[in-house]
There are 2 protein chains.
Amino acid sequence: MAQSDTVDRILNAAEELFAERGFSETSLRMITSKANVNLAAVNYHFGSKNALIQAVFARFLTPFSETLDKAFDDLERRCKGEPPTLQQTLWVLTESAVRMPHRNEKGISIFMRLLGLAYTQSQGHLRKFLEQEYSEPFGRLMRLLKAGTPQLSAVDRYWRIQFMLGATAFTMSSSDALREILENKLGIDTTVQEIAARLVPFLAAGLQADDPISVPKTA
Amino acid sequence: MAQSDTVDRILNAAEELFAERGFSETSLRMITSKANVNLAAVNYHFGSKNALIQAVFARFLTPFSETLDKAFDDLERRCKGEPPTLQQTLWVLTESAVRMPHRNEKGISIFMRLLGLAYTQSQGHLRKFLEQEYSEPFGRLMRLLKAGTPQLSAVDRYWRIQFMLGATAFTMSSSDALREILENKLGIDTTVQEIAARLVPFLAAGLQADDPISVPKTA
DNA sequence: ATAACCATCAAACGTATGTTTTAAACATAC
DNA sequence: GTATGTTTAAAACATACGTTTGATGGTTAT
């Protein structure tokens, strides 16, 4: 073949297995046998397992950050100087994620699950890589969230953004299982888009909650 | 010695290392050398690494579920037939977690981090163990949450509880890292109690958000 | 005193991991 | 058609893992 697709097959298999099982729990042999390539191919093409992990993230994060950047440009153009509202920012964010071209119908939930894992699993090299490569679009999102919640102190905003990321990554990462449970329990089918549509008002309300750090009614 | 403290030393070391690094990333050799016991002691006293993981959870989850049960009894008694409000339920939950007797000042954050890991890391045996052992207090919490959000449809409530669990588990599972980032950025030190106190109003507001499934302003 | 029991220890076991090596097959350019 | 650089293949590498073994010492009960 003119150009081998070995690299892509490895990336596809690794992406799926990482999302299912986490990084440490996924061996190179699982990946290469799922991808139907030789074991040595990973180290040949990527150099190491850690570099493969980073490559998996780069493959979807790079186009996503470009899409997001353009969508934010669009949003700010429509707002003509006025800072975008929190709901607008959140909606552009979820829309960009959902609208990304995905390799299959599981793409969006794999995407989310990987983001959650990047935060959760203590992979020092990954955190460094993501901070170096994607600090700019991340910073832009943070600035927009800040503009959308001018009433919050920096500390309040920081924590509430963490809560927001948690709710999103967690829900999306297990959206398949959650959708299935709901289907069995109430006979209702839900799309990822609908989940996102439910998530946005939840997050917006949480981010903007009045916050007289509630005192217990306990005696 | 009359009674060896080997078991407790193993549990203490394991608890701390699991919380720091996750389960797969923590080897028995790390644990036994931190605990200053022989490598074989783990398999002798617990049988296997998985059984040790479960024992670590049981040691704090069993007393916690008893404390929580009594606190819910208390709450319902104070409410005299009226269903407790959502804020009351959430507050009793976090209060019970915070008020638990802990072995040291890191105890509460280790507790939280482990709970987050239990959700996040795909340890099949752990999930089964927790479901079997603690289904009753978990079910009670779910019933109270339902009573506290009577205005929600079953579907809305289902998803919003998932969002809530996600925000909590995710934040708690990376609370150390998040606290550290905040310390470096703004020079502010945060206790786990403060995080919990910030989380409650966020969750309460999100759970009770008005929900006219927001339509994008996008063209 | 002696037997039974339990906890500890160093050492080894078998397995699985990430990585490297060697040779063969391949496509492409001359 | 042969040479060249690239990709695959199979095997072996060293290392780390969870677990098991068999000997040893100490405590308890008979």
Side-chain angles (χ1 to χ4, degrees), chain A residues 1-59 117-118 121-129, chain B residues 1-59 114 117 121-129:
Chain A
M1 33 199 144
Q3 189 74 357
S4 167
D5 60 344
T6 300
V7 168
D8 283 315
R9 298 235 303 283
I10 292 174
L11 284 173
N12 289 339
E15 181 179 86
E16 209 160 322
L17 287 170
F18 286 153
E20 271 174 25
R21 321 170 33 92
F23 305 114
S24 305
E25 294 81 359
T26 302
S27 72
L28 292 184
R29 284 167 178 81
M30 293 179 196
I31 295 171
T32 53
S33 82
K34 173 165 190 148
N36 279 316
V37 303
N38 187 269
L39 169 61
V42 169
N43 282 281
Y44 175 80
H45 286 289
F46 298 94
S48 69
K49 184 181 179 181
N50 280 354
L52 170 62
I53 295 175
Q54 297 174 8
V56 166
F57 275 84
R59 185 170 63 152
L117 286 182
Q121 312 233 136
S122 63
Q123 299 272 339
H125 70 96
L126 223 196
R127 188 162 299 203
K128 260 177 211 164
F129 170 77
Chain B
M1 34 200 143
Q3 189 74 359
S4 166
D5 61 343
T6 301
V7 168
D8 282 315
R9 297 236 303 283
I10 292 174
L11 283 172
N12 289 338
E15 183 178 84
E16 208 160 322
L17 287 171
F18 285 154
E20 271 176 24
R21 321 170 33 89
F23 305 113
S24 305
E25 294 82 358
T26 302
S27 72
L28 292 185
R29 284 167 176 83
M30 292 179 196
I31 295 170
T32 53
S33 82
K34 173 165 189 150
N36 277 317
V37 302
N38 188 273
L39 168 61
V42 169
N43 283 279
Y44 176 78
H45 286 288
F46 297 94
S48 69
K49 182 182 180 180
N50 280 354
L52 170 62
I53 294 175
Q54 296 174 9
V56 166
F57 275 84
R59 184 168 66 150
L114 286 176
L117 287 182
Q121 312 235 133
S122 64
Q123 298 273 338
H125 70 97
L126 224 197
R127 188 161 298 203
K128 261 179 209 163
F129 170 78

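The structure displayed is predicted, hence computed values, not measured ones.
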*Check whether any side-chain heavy atom of B/R59 sits under 4.5 Å from a side-chain heavy atom of B/D8, and report yes or no.*
yes
*asked:* Working note: A/N43 + A/L52, criterion side-chain contact (heavy atoms from CB on, under 4.5 Å); need CA distance, chi angles, decisive distance, verdict.
replied: CA-CA 9 Å; A/N43 282 281; A/L52 170 62; over 6 Å; no
*State, with a plain yes or no, whether a side-chain heavy atom of B/L117 is found less than 4.5 Å away from one of B/R21.*
no
*In whole angstroms, how far is the C1' atom of D/dT7 from the CZ atom of A/R9?*
13 Å
*Using atom CZ of A/F46 as one end and atom P of D/dT8 as the other, report the distance to the nearest whole Å.*
11 Å
*Whole-Å distance separating the CG atom of B/N38 from the P atom of D/dT21*: 15 Å
*Any side-chain heavy-atom pair from B/L126 and B/N50 closer than 4.5 angstrom?*
no
*Would a 4.5 Å heavy-atom cut-off, applied to side chains only, mark A/E20 and A/T26 as touching?*
no
Nucleotide N/O of nucleotides 17-19 of chain C paired with protein N/O under 3.5 Å:
| residue | atom | partner | partner atom | Å |
| --- | --- | --- | --- | --- |
| C/dT17 | OP1 | A/S27 | OG | 3.3 |
| C/dG18 | OP1 | A/K49 | NZ | 2.8 |
| C/dG18 | OP2 | A/L28 | N | 2.8 |
| C/dG18 | N7 | A/R29 | NH1 | 2.8 |
| C/dG18 | O6 | A/R29 | NH2 | 2.9 |
| C/dT19 | OP2 | A/N43 | OD1 | 3.3 |
| C/dT19 | OP2 | A/K49 | N | 2.9 |

*In the strands shown, is C/dA29 matched to any nucleotide by a Watson-Crick or G-U wobble pair with both distances under 3.5 Å, and which?*
D/dT2
*Whole-Å gap separating C1' (C/dA7) and CG (B/D8)*: 15 Å
*Check A/E25 against B/S24 and note the closest heavy-atom contact, atom names and distance.*
OE2-OG, 2.6 Å
*asked:* So A/F18 and A/I31, do their side chains get closer than 4.5 Å, heavy atoms only?
replied: yes
*Quick one: A/Y44 OH to C/dT22 P, roughly how many Å, whole number?*
17 Å
*Does some side-chain heavy atom of B/R29 sit less than 4.5 Å from a side-chain heavy atom of B/L39?*
yes
*Could you check how far CD of B/E25 sits from P of D/dC17, rounded to whole Å?*
12 Å
*Given C/dC6, is OP1 or OP2 found less than 4.0 Å from the side-chain N or O atoms of B/H45?*
no
What's touching nucleotides 23-25 of chain D from the protein side, N or O pairs under 3.5 Å?
none

*Residue pair A/F46 / A/I10, side-chain heavy-atom distance below 4.5 Å*: yes
